[in-house]
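Presented below is the structure to which this report refers.
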Amino acid sequence: MLQVQFIRDNKDRVIRGLEKRNFGEEASEMVEEVLRLDEERRAVQTKLDNTLASSNKLSKEIGNLFKSGDHQKANELKAQTSELKLEAKTLGDELNKASDALTDLLYRIPNIPHDTVPPGTSDEDNEEVFRHGDIPQLDDDALPHWELAKKYDLIDFDLGSKITGAGFPVYKGKGARLQRALINYFLDKNREAGYFEYFLPYFVNEASGLGTGQLPDKEGQMYHIEKDDLYVIPTGEVPMINCYRDTIVNEDELPVKATTHTPCFRREAGSYGAHVRGLNRLHQFEKVEIIQITKPENSYEALDEMITHVKGILNELKLPYRILQLCGGDLGFTSAITFDFEVFSTAQDRWLEISSVSNCEDYQSNRLKLRYRNSDGKMTLCHALNGSSLAIPRVLAGILENYQDKDGIRIPEVLVPYTGFDRIS
RNA sequence: GGAGGAAUGGCAGAGUGGUCGAAUGCGGCGGUCUUGAAAACCGUUGAGGGUCACACCUCCGGGGGUUCGAAUCCCUCUUCCUCCGCCA
């Protein structure tokens, strides 16, 4: 969430930011309400503090009186404290009410978009900023990946439906091995680039969901295990960044660079139609994630580094891709700036999102209480960045479709050491 | 699942009703000494709220309670350790 102090100091900027996210009239209403609640909270806090101060002072006197044996005087003072206690109770309730209301509101205010974020209301308004790779000329009878998966018995969607439900595919034989190869290849690339590898829990508690911003905003998108009150992770980012919740990192540990492979579980309520066919949209899919935690002044450099890193992997895989900068309307809740990578799915004749690299600046860190002490000795919120490197199923789909020929599918050269085969036929 | 024990500052570890935001040691930072470093010695060193700055307030795993007053007593939850059972 945004820092109240920041909103106080940058009221207009916050309102403009929310307007870029198409909040309209609500933008200034929300900001005004934050300022009002904050003022209320501080006023009540001051009153409460004064009451407690009086009460503390009295208690100390009473203690001294008992010690000196003046019980009568002590009992007189005791009588006075009950009134203060009552007052403190009332003020305490008031304070909780005000600060809860403030927190609830702050949770509903998304991050402020970076100045370069283009205006817009939907993914149609995202701006292409980079494109690389040739789109292969395929035969007329080229197949979409779900047909290829069936033809070569790589992925069985029906079997997944039988044992679990739609959106839970079963990978088989060379399909399973190709997926495993991609995971290992991505992890190795990340590790070589300095990312520290984690293997993490797939369930997180409520505090973690709040920390990274899935809660309360996207509650309906996560699977929730009610009996144990645990959430099934929608991305490895959630457990990985939450390793750093309530942490003060040493300045010389920054930047933190970390990577992990996890399955991701998403309810995807409301999805339908051709866009969810095959591997395009799943309830369970594998992803390799990278994060960085940096000093504020270095986070945009880190963002560039992450983008360059993902580009490097796609170049090696020789897949045609483009990079989009997300517009205000399509930007994630916690993100200040996001670049989506899309691979061209030749047989479907459409672009598939395979990575999303974001700088959350200090929005997440504020919820997480992720700080470091800067060189002036001042406690400062870190900046947090995350990106996919990469989402497996759509890369897999891209490989199947782009690398198909008349009687099989070639395996990209860099993957052959990982798959142990160079062709599916 | 059953029986016990424990949770305190970056770490270790004292503290069983007031003078405790908390001894002591280590670590960190600053200084003295030294050509420099080490050692030794001196000083300093938790977080949040609040304030122009102070004052002041909150925090000893989380929540609730008793009391004029709680790190300390009670209830509850969580986590960790030991033993038993079960188990990949």
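Because the structure is a prediction, the values reported are computed rather than measured. Below, chains carry the letters A, B, ... as their sequence lines are ordered, and counting in each starts from 1.
Picking from B/rC57, B/rC68, B/rA47 the nucleotide with the shortest atom distance to the side chain of A/Ala53 gives B/rC57. Closest approach to the A/Leu52 side chain among B/rG49, B/rG50, B/rU58 is made by B/rU58 (side chain taken as heavy atoms from C-beta onward). Minimum atom distance to the side chain of A/Lys78 is reached by B/rC68, of the listed B/rG49, B/rC68, B/rU58.
Nucleotide B/rC86 is matched to nothing when pairs are restricted to Watson-Crick or G-U wobble geometry with both distances under 3.5 angstrom. Partner assigned to B/rU72 is none, using Watson-Crick or G-U wobble distances below 3.5 angstrom. Summarising the base pairing, B/rU44 is matched to B/rG28 through a Watson-Crick or G-U wobble pair whose two defining distances lie under 3.5 Å.
Regarding A/Tyr372, its OH atom lies at a distance of 19 Å from the P atom of B/rG10, rounded to whole Å. Rounded to whole Å, atom C1' of B/rU79 lies 12 Å from atom CG of A/Asn205. Residue A/Asp246 contributes atom CG, which lies 13 Å from atom P of B/rG9 at whole-angstrom precision. Following rounding to the nearest Å, A/Glu39 (CD) and B/rG49 (P) show an atom-to-atom distance of 17 Å. Between A/Ile62 atom CD1 and B/rA70 atom C1' there is a gap of 15 Å when expressed in whole angstrom units. Rounding to whole angstrom units, CD1 of residue A/Ile248 and P of B/rG9 are separated by 12 Å. If you take CZ of A/Arg42 and P of B/rG48, they are 17 Å apart, rounded to a whole angstrom. Put simply, CG on A/Leu77 is 18 Å from P on B/rU67, counting in whole angstrom units.
When the P atom is used for both B/rU24 and B/rG30, the distance is 22 Å, rounded to whole Å. Using atom P as the reference point in both B/rA23 and B/rC60, the two lie 16 Å apart (nearest Å). Rounded to whole Å, the C1' atom of B/rU8 lies 7 Å from the corresponding atom of B/rA71. A distance of about 26 Å separates the C1' atoms of B/rU67 and B/rG49, rounded to the whole Å. For the C1' atoms, the distance from B/rG4 to B/rA88 is 28 Å, rounded to whole Å. If you take atom P in B/rA6 and the same atom in B/rC74, they sit 12 Å apart, rounded to whole Å. For B/rA7 and B/rC59, the C1' atoms lie 16 Å apart once the distance is rounded to whole Å. Between the C1' atoms of B/rU45 and B/rA22, the separation comes to 15 Å (whole Å).
By the 6.0 Å contact criterion, CD on A/Glu301 is open, its count of non-hydrogen atoms from other residues, nucleotides or ligands being 12 or less. Counting heavy atoms of neighbouring residues, nucleotides and ligands inside a 6.0 Å radius, atom CD of A/Glu251 exceeds 12 of them.
Side-chain contact check for A/Asp340 and A/Ser356: at least one donor-acceptor pair (N or O, by modelled atom type) lies under 3.5 Å.
Using cut-offs of 30° and 60° for the angle between ring planes, the A/Tyr202 and A/Phe265 rings count as tilted. Classified by interplanar angle (parallel below 30°, tilted 30° to 60°, perpendicular above 60°), the ring pair A/His309/A/Tyr195 is tilted. Below 30°, between 30° and 60°, or above 60°: for A/Phe196 and A/Tyr198 the angle between ring planes is above 60°, a perpendicular geometry. By the 30° and 60° cut-offs, the orientation of the rings of A/Tyr363 relative to A/Phe333 is perpendicular.
In this structure, A/Leu58 reaches neither bases nor backbone, as no heavy-atom distance under 4.0 Å exists between it and the strands shown. Base contact: A/Ser59 has a heavy atom under 4.0 Å from a base atom.
Dashed line: the shortest gap from a side-chain N or O of A/Arg373 to OP1 or OP2 of B/rG46 is not under 4.0 Å. Contact annotation: A/Lys85 side-chain N/O to B/rG69 OP1/OP2 distance is under 4.0 Å. Regarding contacts with the backbone of B/rG69, every side-chain N or O of A/Asn56 stays at 4.0 angstrom or more from both OP1 and OP2. Remark: A/Arg371 is in phosphate contact with B/rG48, judged by side-chain N or O atoms under 4.0 Å from OP1 or OP2.
For A/Asp38 and A/Lys57, each mapped to the nucleotide of RNA chain B holding its nearest heavy atom, the one lying further toward the 5' end belongs to A/Asp38.
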